[in-house]
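Each remark here refers to the structure printed beneath this line.
First the proteins, then the strands, lettered A, B, ... as listed; each starts at 1. The basis for the numbers below is simple: all heavy atoms, side chains too, and nothing from hydrogens, waters or symmetry mates. In this text, all values refer to a predicted model and were calculated from it rather than measured experimentally.
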Amino acid sequence: MPEGHTVHRIANEFNELFGGKVLRVDSPQGRFTDARMLDGQRLKVASAVGKQMFLHFQDDLIIRIHLGIYGKWQFHKGLAPEVVGQVRVRFAVDGVTAELRGPTVCEVIDSKALAEVYDRLGPDPLNPDPNGREFERFASKVKKSSTPIGLLLMNQEVISGIGNVYRAEILYRAKINPHTKGSDLKTRQISELWADSVKLLSIGVLHGVMITRDEFFDEDPGKLERNWVYKREGQTCRKCRKKIVLEMAAGRKLYFCPGCQR
DNA sequence: TACTCATGAGCAA
DNA sequence: TGCTCCTGAGTAG
């Protein structure tokens, strides 16, 4: 489930399992041609911004990984398993192997290129600045834009880490219609969107799934009960009983409640 | 077995 | 806006 919370979880797991260690790196599929260059290097630290993960090795070697829709990580304890299917890259130490399949991006960059990636990305609710500067960046981009908030939340230059599920759920929780222009939102509403993003993504990191109903923040109720509107088109709203609507917006499915989100 | 769909994003028109 | 790429799960027949 590659929205920002998944990527941060994986980065945490990498730090626990591989941080400070010398890694064996190979590409069974053969498409990650830089695997040989990284093999035998020490991983300093893993970090994440939005949906992108960065593995920082010695000598200014950084692997940038973006899962896209299809990308997946699998961690195996014990002996390295036999390769099944298309494995882009494997990272291993004695007793642990991490396999990456189907990423949109898996490439080696240096710190200069990393800075350029950081510049492009909007603030990440999972890396909040205690001084509130990240919120200010988000608010200023939203206020200046005549684009609907439903599209702005999906734009990684505006806020990074939000995907289709959180987009729909965060707007529902804020009772904001996704077609509302960014510039028409009140500061209070933008502030609420940011605060709720911080909250929901943090819950997501904790559980590993996207739970957006407060009553289930402590325990996952299963995928049919986790959300308010996502994938619930045609079903009745859990609050106002109106039917949840599904529209296509910029090629992606957009779910909302026409009663609660006027 | 074949087809459809998905939590993403870059690019051309 | 539509096409393309990447992979695997679920479903129809």
Shortest side-chain distance from A:Lys231, nucleotide among B:dA6, B:dG8, C:dG8: B:dA6
A:Glu3 side-chain proximity, nearest of C:dG8, C:dC6, B:dT7: B:dT7
A:Tyr230 vs B:dT7: side-chain N/O to OP1/OP2 distance below 4.0 Å: yes
Residue among A:Phe256, A:Tyr255, A:Tyr230 satisfying side-chain contact (heavy atoms from CB on, under 4.5 Å) with A:Glu169: A:Tyr230
Spacing between A:Ile10 atom CD1 and B:dT7 atom P, to the nearest angstrom: 19 Å
Earlier contact from the 5' end, DNA chain C, for A:Ile69 and A:Lys223: A:Ile69
side-chain N/O A:Gln156 vs B:dA9 OP1/OP2, d < 4.0 Å: yes
Side-chain N,O (A:Lys253) to OP1/OP2 (B:dA6) below 4.0 Å: yes
Sugar-phosphate, base or nothing in reach of A:Glu169, heavy atoms under 4.0 Å: nothing
Inter-nucleotide P distance (C:dG8, B:dG10), Å rounded: 23 Å
Contact under 4.0 Å: A:Arg252 side-chain N or O vs B:dA9 OP1/OP2: no
A:Arg31, nearest nucleotide to its side chain (from B:dG8, C:dT7, B:dA6): C:dT7
Integer angstrom distance from the C1' of B:dT1 to that of C:dC6: 22 Å
OP1 or OP2 of C:dG8 under 4.0 Å from side-chain N/O of A:Arg101: yes
Separation of B:dT7 P from A:Ile162 CD1 (nearest whole Å): 15 Å
A:Ile65 with A:Val117, same ILVMFWY side-chain cluster at under 4.5 Å: no
Touch class at under 4.0 angstrom, heavy-atom based, for A:Tyr166 against every strand present: nothing
Any A:Gln29 side-chain nitrogen or oxygen under 4.0 Å from OP1 or OP2 of C:dT7: yes
Side chain of A:His66 - closest among C:dT7, B:dA9, B:dT7: B:dA9
